[in-house]
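Working notes, structure below.
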Number of protein chains: 2
Amino acid sequence: MSSLYDVAELAGVSKTLVSRVINGQKGVSDKSKEKILSAMKELNYTPNAIARSLVLQKTHIIGVVLDNLCEPYFFDLIKGIEHSITKSDYDVIFCSGRNSMELKSKYIKFLSQGRADGVIIYGSSLSDEKLIKELSVSNFPFIVVENEVEGVNINNVVVDNAFGSKLAIEHLVEIGCRNIYHVTGDMTIKASVDRRDGYIKAMQNNGFTVNSNMILMADFSVESGYEAVKAFIEKNGTDQLPDAFYFGADTTAFGGMMALEDYSIRIPEDIKIVGFDNDKPHDIDRKLKKLTTLSQPLYKMGESAVNMLISDINHITPEKQKLLYYPELIIRETTRE
Amino acid sequence: MSSLYDVAELAGVSKTLVSRVINGQKGVSDKSKEKILSAMKELNYTPNAIARSLVLQKTHIIGVVLDNLCEPYFFDLIKGIEHSITKSDYDVIFCSGRNSMELKSKYIKFLSQGRADGVIIYGSSLSDEKLIKELSVSNFPFIVVENEVEGVNINNVVVDNAFGSKLAIEHLVEIGCRNIYHVTGDMTIKASVDRRDGYIKAMQNNGFTVNSNMILMADFSVESGYEAVKAFIEKNGTDQLPDAFYFGADTTAFGGMMALEDYSIRIPEDIKIVGFDNDKPHDIDRKLKKLTTLSQPLYKMGESAVNMLISDINHITPEKQKLLYYPELIIRETTRE
DNA sequence: TTGTACGCGTTATCAG
DNA sequence: CTGATAACGCGTACAA
């Protein structure tokens, strides 16, 4: 690998001139420029970005750390980020936590050690909080998408999950449901907690009381949704069904709908279903009804995250910012006769 | 941001000792170590990876440049890469070309300018060749997955697409097909060309001649598959169908199967279908038959790519390596009565 | 065990 | 227009 110095030597000029040519700056005679250009060609010279970053104290890189890259759920977020990045003078690199907290934390450190000017972190897990609090004292620019972390002043793009629950319950009540159950998502994820709490509150605001037996525990897997509903039916029978199941996640809802199908319970005639996340169904074998769900504006959240982070990096906004998005109710077949 | 020098000053020792503590090296008294550690804490010191890379001439980073991150097709490749990386002492970062050659090329340059020790490039497009030839003169370590580039000596993990066509045709012939048509994938992609050429050759080897009207042009989209088959039927009627359609991609095949369904043509009774790629079906609305297809070992290819690249980086293997994988035929409902 | 001094490849300042 | 020279933050011979 030849360096700027090698080019200067071969061209018979100083490093200063070479640097100017590389960066397209004024102050180089045509003759020198020519010599430099041909020297660069001859040596197959490539500027070293690392050295450049060191002296400039700037990488022009924004890092993105996701829980897992292999997850279609993140596609909209990624696309939103990419779209905003294109309009900026930054480059993005992506790192995957592969569903491991340690790895995620490692990559955040990795990027914050000077390898990026700022980091976008998708944080949904409750256990992210410790990591984020640590990072927030380092005054390295970063922004957390999805998770709201209490007690720390950070850049944050969040979605009001409880509001989503409110929309779901109000919709179900409006179409005549009275006895509405909730099947949770993964309760180590903050969003799941907020959705459940939002469910309870929305039920109360509509004049219903929620007993603990009205909340079925599951996680984000299709299987858990299937098992939760199946166990419920086996315990209570098919004549003790609620008017509706409100699931904490679409994946879980898909599983639940399969269980209902196995017991020949008709959707939406016998029971209404609402999910959360606006996922594409995974299972081609079953012809599931199209699911009424709540959609998070992940694309917009990605865009905003980039913009907010860049303005933080450049100290355009001295204060940390927080942006709240609202989920949108998408009514489909599972709540429509 | 405090530097190693700040820590040394606060601890009242030299930079050398601080450096040793950071890197866990011997040769520091317990007393000094303590002072240094507490100084690091007090200053909230984080080592600067950029400076470190500069002096060490090593980043311990492997970059991966994909055509597009938002594409489930790459999941297996990514997982394979990640798996091998975990067992190494490298970190991975991912960059997305967002389906743009320029962007892809930009990110390859970006990484090769000292920001990574080596790059894994997924290259499927024919137009990648120019870019790859350029890179190959720079002696920067890299490996190309999928595309075979003629005339240059590079690290390469490829899959024998023509062999896949051979498997497909032999399978179809074996179950009684004589009149086998081909619907191409995106012909700007080298794999599509190889699959078509493999189809022609395999047909000839089985004693059939291929006329140009037996090859329908499409790309990788579901729509193109649908349109290609629909146009064919509208032109030739439903009584002039071939025994089988061999598609250059599963996505295309899904589209084609939908078109056949629209004309009430039964699969596999009336016509057999073989695809390529072993994709998951996208469309939940249709209850498509499970598709016989060819599976590429992308996971293994990802693993191998990492290993080969690392041994290139460390000059373990002086020569460039080339690894050839074979697709595997997965027989499902569309060729089974 | 400790510290000094130099170099990694760049950019920027300031004379000439 | 040109060229020394000093940084950027770190690792490492080498010397003490």
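Letters A, B, ... are given to chains in the order of the sequence lines, protein chains preceding strands, and every chain is numbered from 1. Here the structure is a predicted model, which is why all the values come from computation and not from measurement.
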query = Reckon A:T46 touches a base, only the sugar-phosphate, or nothing at all at heavy-atom distances under 4.0 Å?
reply = sugar-phosphate
Please set out all donor-acceptor pairs under 3.5 angstrom arising from side-chain atoms of residues 144-152 of chain B, sequence neighbours excluded.
residue: B:E146; atom: OE1; partner: B:Y73; partner atom: OH; Å: 3.4
residue: B:E146; atom: OE1; partner: B:Y122; partner atom: OH; Å: 2.9
residue: B:N147; atom: ND2; partner: B:S125; partner atom: O; Å: 2.9
residue: B:E148; atom: OE2; partner: B:K322; partner atom: NZ; Å: 2.5

So the salt bridge (charged side-chain N to carboxylate O under 4.0 Å, His left out) pairs with at least one residue in residues 85-112 of chain A (sequence neighbours excluded) are A:D67-A:K104, A:D91-B:K106, A:R98-B:E82, A:K104-A:D128, A:K106-B:D91
In B/S/- notation (B base, S sugar-phosphate only, - none; protein heavy atoms under 4.0 Å), nucleotides 11-16 of chain C written 5' to 3' is BB----
Whole-Å distance, B:L54 CG to C:dC6 P, equals 18 Å
Checking D:dG3, D:dT2, C:dG3 against the side chain of A:V13 (C-beta onward), the nearest is D:dG3
Notebook entry, point to check: For A:S53, which contact category applies under a 4.0 Å heavy-atom criterion: base, sugar-phosphate, or nothing?
Noted result: nothing
Residues pairing under salt bridge (charged side-chain N to carboxylate O under 4.0 Å, His left out) where one sits in residues 35-54 of chain B, two or more places apart or in two chains, turn out to be none
Walking DNA chain C from its 5' end, the first of A:A49 and B:D30 to be reached, judged by nearest nucleotide, is B:D30
When every non-hydrogen atom of B:G114 is compared with those of A:I50, the smallest separation belongs to O-CG1, 3.0 Å
When the rotation axes relating C1' atoms of four end pairs to the next four are compared across the helix from C:dT1-D:dA16 to C:dG16-D:dC1, five pairs an end, they differ to 10° by 50°
query: Side chain of B:S138, backbone of B:L135: donor and acceptor closer than 3.5 Å?
result: yes
Separation of C:dT10 atom C1' from A:I50 atom CD1, nearest Å, is 12 Å
For residues 111-122 of chain B, the salt bridge (charged side-chain N to carboxylate O under 4.0 Å, His left out) pairs (sequence neighbours left out) are B:K58-B:D117
Query raised in the report: For D:dG9, does either OP1 or OP2 sit under 4.0 Å from a side-chain N or O belonging to B:S3?
Result: no
**Asked** Is the number of heavy atoms from other residues, nucleotides or ligands under 6.0 Å of A:E134 CD greater than 12?
**Response** yes
When rounded to the nearest 0.5 Å, the distance separating CG of A:D6 from NZ of A:K15 is 11.0 Å
A:K58 atom NZ is separated from D:dG9 atom P, nearest whole Å, by 15 Å
By nearest-heavy-atom nucleotide on DNA chain C, the more 5' of B:G27 and A:M1 is B:G27
B:N48 atom CG is separated from D:dA7 atom C1', nearest whole Å, by 14 Å
Between CD of B:E9 and P of C:dT2 the distance, given in whole Å, is 18 Å
Here the distance between atom C1' of D:dC10 and atom CD of B:Q57, to the nearest Å, is 12 Å
In whole angstroms, the gap separating P of D:dA16 from CG of B:L17 amounts to 17 Å
To the nearest angstrom, the CG-C1' distance between B:L43 and D:dG9 comes to 15 Å
Next on the checklist: Under a 3.5 Å threshold, yes or no: a donor from one side chain and an acceptor from the other, between B:S19 and B:T16?
Outcome noted: no
